[in-house]
Amino acid sequence: QTRSSGINAEYAGKLADAVLVAMAAGTFIYVGATEVIAEEFESPHDKWKKFFALSSGIVIIAFVTNWAESLEGRA
């Protein structure tokens with residue numbers, strides 16, 4: 001086991017990975033929320049269909065995330 005400044009190297013690698021994934025996800029959500037979604041909802045055409053599609057996507061991702069976390073708990 002290699003120690004650098006009291007931090008386990010494996011832990012530091014996992015931490016760096018988590019930070020980079022969080023930054024990528026945050027950037028994706030920011031761009032989606034400020035550019036894509038805002039532009040789609042500017043026109044009144046099919047606003048409720050777009051809202052339903054957006055809401056359905058959010059719910060599906062929430063279920064998939066919970067399902068994946070439950071699988072990790074079994075391993």
Side-chain angles (χ1 to χ4, degrees):
Q1 243 181 13
T2 305
R3 289 201 171 257
S4 174
S5 302
I7 297 176
N8 185 332
E10 183 179 342
Y11 173 76
K14 289 181 180 181
L15 179 63
D17 185 49
V19 168
L20 292 174
V21 168
M23 288 176 59
T27 301
F28 184 75
I29 291 170
Y30 174 78
V31 170
T34 59
E35 297 290 330
V36 178
I37 294 173
E39 187 176 315
E40 282 298 319
F41 283 98
E42 278 182 1
S43 75
H45 184 67
D46 293 331
K47 212 171 223 181
W48 286 108
K49 286 181 185 178
K50 292 175 185 179
F51 178 75
F52 178 72
L54 175 65
S55 300
S56 298
I58 291 170
V59 168
I60 289 169
I61 293 298
F63 279 121
V64 168
T65 301
N66 286 334
W67 176 66
E69 286 177 353
S70 73
L71 291 178
E72 284 183 5
R74 294 182 192 171

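Annotation: salt bridge (charged side-chain N to carboxylate O under 4.0 Å, His left out) contacts of K47 (sequence neighbours excluded): none.
Linking Ile, Leu, Val, Met, Phe, Trp and Tyr whenever their side-chain heavy atoms come within less than 4.5 Å leaves F52 and I58 in two separate clusters. In terms of hydrophobic clustering, with Ile, Leu, Val, Met, Phe, Trp and Tyr side chains grouped at heavy-atom distances under 4.5 Å, F28 and V36 are assigned to different clusters.
Note that CD of E42 and CD1 of I37 are 13.0 Å apart. Values are rounded to the nearest 0.5 Å. Taken from CG in N66 to CG in L71, the straight-line distance is 11.0 Å, to the nearest 0.5 Å. Rounded to the nearest 0.5 Å, atoms CZ (F63) and OG1 (T65) are 11.0 Å apart. A distance of 11.5 Å separates CD1 of I61 from OG of S56, quoted to the nearest 0.5 Å.
For the pair S70 (side chain) and W67 (backbone), a donor-acceptor distance under 3.5 Å is present.
Here the closest heavy-atom approach between residue K50 and residue E40 is recorded as NZ-O, 2.9 Å.
When side chains are defined from C-beta on, D17 does not count as touching K14, because their heavy atoms never get closer than 4.5 Å.
The 12-atom threshold is exceeded at CZ of F41, counting heavy atoms of other residues, nucleotides or ligands nearer than 6.0 Å.
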